[in-house]
Structure formats: structure tokens, C-alpha cells
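For the single chain, residues carry numbers from 1 onward in sequence order. The analysis underlying the following values was restricted to heavy atoms, covering all of them including side chains, and did not include hydrogens, waters or symmetry mates.
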Amino acid sequence: MVKISATIDSVQVMRAFATVSVLFFHGTHIIDNKLNFLFLNNFFDAGYSGVDVFFVISGFIILHTCMGKDFNAFTFLKKRFVRIYPVYWVVTLAVIIAYQIAPEGVQPYKEDWRIILGSLALVPQKIYIIGIAWTLTFELLFYVVFAVAYSIGKKFLFAVLFVWAAVILALYAADVKPASVALNMLVNPIIIEFFFGCLIAYFYNRYREFKYHYILSTIGFMWFAVNWVIYWMAKNNDANAFSTYISRLYLFGVPAAILISGIVFYKKSIAPLFVYIGNASYSLYLIHGTVISILIKILFVLKIQTYFANNIGSVAILLATVLIGCAFYRFVEAPIIGLFKSKKGDKPASATSVTSATV
């Protein structure tokens, strides 16, 4: 098998789209809560679907970067953990310290040492210091299962994934819901999105070229966009509509998989800005909620908050958050990852090696 570059610019653009979608989703709710203004009539309420895109990408990238190489489960997990934990710890500890200095609202869990330690370890629990951390626990679960199964063999990996998916769907059909947070996560339908990504990676590495990728990309994009609008309209009428994990699987996970299965074959050059935002997606994902809240606090201190309680002002806040997230990536995340470079001179784990994501 010919060695393939781990970095695919078109995938990075999808990471940028996923991150910005989640950012706009959370930003809409934070702005509504703090400025009493509903940005674009809550059109980005479906922006949480960026997490589903991330999970598909994660499944793709992890298998793609391992195929055709000698695989060592310990080395794989070490690289993945290094990619996730150090930056995450910096952000989590910063939030804890900030809360101790200037407590805001009723958030006693930020003083609960059990929750703090569980958050830092990213173990399954009901609440985390950083809200989006729950998605990272799914990442870690997938990494561990992948490492064990793939170390036995590629065929064994896919056997495990298919059986796992079958169990998940069977339990859902039987309406079985484990009481344990950890077990509930293990059989959450959203995990199947990782499996989609692995299937895409298998076919991408097997065929390398696919002349109909534009058709797949278009179908996936249109399907994703239509479901976005359907979700938005349904939520405007019923706040409980599409509130299950299985709904996000068929609403956004399936079309995201179709879209990405075409996008990965796109070979033309892409604007560096979008690729850079994709590279910075983990930083953006980790800090966007905190940054938006801080920016709004500054507006109140300057007594200019009313000038931003509109669509243009909201865009300004959200774009400023993107810029700050990119700066955080450049001056914090990248140097931290650089500290873990191999003594042999290997490059640090690429940003494409991990999906950061979620709601």
C-alpha cells in the first residue's frame, strides 16, 4: 500500500465547519441569555450537529493514519492522550481558578472536588467543569476500543464495530437504558458515527480515487442542510422535537458520513484560512464558550452591550471568538503540543489526529 499523507485539507475544512457550527450554537444561547437577543431567530440551534461531523471525521482520521503502518496500541494511545489532555487541562484549570476568583451564578459543581477530578480525568459523569468535555469521553472510549481491536487485526476491528453497532441498535429498539453513566455511554447511538468514519477510511485507502465524489458531497451537503432546516423549524414549534441521540444519528450523522465520504477525495487547493481554522478547531472547541462570556462581560463593563444586541453585533462577538481561538491555538496549544515532540525529531501529533468536538 502506498503511504498517504495524514493531512487532508478538505477534511480540515470540514473540521472548521464543525467547530464554527458548535461555536455559533453555543454563542446563540449565551448571547440570548446575557444580552436578551436571539441571533438569527435561533437558526444555529442545529449547530450542535458539528459534533456529529467531528465524530465521523475522528473515525476516519484514526483509521486512515494507522493503515499501512506498524501499529502499537500503547504508542497510539499515548499520542492520543497527549493530544487531548494537556491543552484540556490548561483550559479546565483556568476555568476553575477564574471561578474561585470571581464566582458567577449558581455553579457549586466547580467547587466539588469529585467533579473537578472526574473532569480532569475525563471519566464518564453527568457534569463537567467544561460543558463540552462529555464529547471527549466518547473520543477516549473510541480510542481505547480501537487500539485493542486494531492491534489484533483490521478484520477484527470491523467485526467489533459491527457487533457493537448491532448491540446499540438492538438495545435502542428494546428501549433498554442502562442506569450507569458509563454503560449508557457505551451503548449511545452517537458512537456509530465513529464507525461511519472508519468505513470511509477503509474505502478511501483502498480506492484512492473516486470520480463521482462531487455527487456524494452534493447529496451529503443537501441532505445535511435540509435536515438542519427541518430541525430548526421543528424546534421552533416543539422544544422537545428530535431530542434523542438516535435522532442526531439519522438527522446529521448519516448525511455527514455521505458528505465526508465525497469530500475526502477532493484534491484541489483550498483557501489556507479555512485549513488554519480546521487546525485550530480543538482550541476553538475548548474555549469558545468561556471567550464569548468574557467578551460580553467586557461589553457590560464598557457599557456598550446594547450596541451588540443585534445580528451584526452578534456576528462581531462570534467572529472575535474565532480569532481569539486561533490565537490560542498559535500561542498556547501549538507550543504545548510541541513540548511532546519525539527526541528523534518527529513532528508532534497533527491536529488532524484528533477530533475535538462537541456540544
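Taking the six-membered ring where the residue is Trp, Trp89 and Tyr85 present tilted rings, their angle falling between 30° and 60°. Classified by interplanar angle (parallel below 30°, tilted 30° to 60°, perpendicular above 60°), the ring pair Phe265/His213 is tilted. Between Tyr231 and Phe252, the ring planes are perpendicular. Angles over 60° get that label, and only those under 30° would be called parallel.
A distance of 14.5 Å separates CZ of Phe196 from CD1 of Ile57, quoted to the nearest 0.5 Å. The CD atom of Glu111 sits 10.0 Å away from the CH2 atom of Trp113 when rounded to the nearest 0.5 Å. Here the straight-line distance linking atom CD of Glu139 with atom OH of Tyr143 works out to 4.0 Å at 0.5 Å rounding. Distance check: Ile129 CD1 to Leu93 CG gives 9.5 Å after rounding to the nearest 0.5 Å.
Between the side chain of Lys69 and the main chain of Thr65, a donor-acceptor pair closer than 3.5 Å is present. At least one donor-acceptor pair under 3.5 Å links the side chain of Gln125 to the backbone N or O of Ile115. Remark: the backbone N or O of Leu186 is paired with a side-chain donor or acceptor of Trp164 at under 3.5 angstrom. Under a 3.5 Å cut-off, the side chain of Trp228 and the backbone N or O of Phe43 do form a donor-acceptor pair. Within the 3.5 Å criterion, the main-chain N or O of Ser119 finds a donor-acceptor partner in the side chain of Tyr88. With hydrogens and angles ignored, the 3.5 Å screen pairs a side-chain donor or acceptor of Ser217 with a backbone N or O of Ile263. Here the side chain of Asn237 pairs a donor or acceptor atom with the backbone of Met233 at under 3.5 angstrom. Listed for the Ser281 side chain is no donor-acceptor partner under 3.5 Å among the backbone atoms of Ala16. Asn184 places no side-chain N or O within 3.5 Å of a backbone atom of Ser180 that could act as its donor or acceptor partner. Of the possible donor and acceptor atoms, none in the side chain of Lys34 sits under 3.5 Å from a partner among the backbone N and O of Ser293.
The shortest side-chain heavy-atom distance between Cys198 and Phe142 falls under the 4.5 Å cut-off. Looking at Thr19 and Ile277, their side chains never come closer than 4.5 Å, going by heavy atoms from C-beta outward. Leu259 is not listed as a side-chain neighbour of Thr218, based on a closest heavy-atom distance of 4.5 Å or more. Using a 4.5 Å heavy-atom threshold, the side chains of Tyr204 and Ile8 count as touching. Phe146 places a side-chain heavy atom less than 4.5 Å from the side chain of Leu63. Contact annotation: the side chain of Ile190 never approaches that of Leu249 to less than 4.5 Å [non-hydrogen atoms, C-beta and beyond]. At a threshold of 4.5 Å between non-hydrogen side-chain atoms, the residues Tyr282 and Ile84 count as touching. Using a 4.5 Å heavy-atom cutoff, the side chains of Phe194 and Phe138 are in contact.
Annotation for Phe81: atom CZ counts as buried by contact number, over 12 foreign heavy atoms lying within 6.0 Å. Other residues, nucleotides and ligands place more than 12 heavy atoms under 6.0 Å from the CZ atom of Phe300. At most 12 heavy atoms of other shown residues, nucleotides or ligands fall within 6.0 angstrom of atom CZ in Phe221. Counting heavy-atom neighbours within 6.0 Å of Leu339 CG, excluding the residue itself, gives a total above 12. The number of heavy atoms from other shown groups lying within 6.0 Å of CG (Asn36) does not exceed 12.
Cation-pi geometry between Arg248 and Tyr250 is not met: the NZ or CZ atom fails to fall both under 6.0 Å from the ring centre and inside 45° of the normal.
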Item to check | Worked check of salt bridge (Lys or Arg N to Asp or Glu O under 4.0 Å) between Arg83 and Glu333 | outcome: CA-CA 10 Å; Arg83 186 66 187 86; Glu333 180 186 352; 2.6 Å; yes

Checklist entry - side-chain contact (heavy atoms from CB on, under 4.5 Å) between Val87 and Val332: does it pass, once the steps are laid out? => result CA-CA 8 Å; Val87 180; Val332 179; 5.5 Å; no

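Scanning all heavy atoms of the two residues, the minimum distance from Val11 to Phe60 falls at CG2-CE2, 4.1 Å. Residues Tyr329 and Asn279 approach most closely at CE1-O, 3.5 Å, considering heavy atoms. Closest of all the heavy-atom pairs between Asn42 and Trp232 is O-CD1, 3.2 Å. In terms of heavy atoms, Pro124 sits closest to Ala182 at CB-CA, 3.9 Å. In this structure, Thr321 and Leu23 approach most closely via the heavy-atom pair CG2-CD1, 3.8 Å. Counting all heavy atoms, side chain and backbone alike, Tyr48 lies closest to Asp45 at CD2-O, 3.4 Å.
Not a single side-chain hydrogen bond (donor to acceptor under 3.5 Å, both in side chains) links Lys78 to another residue, sequence neighbours left out.
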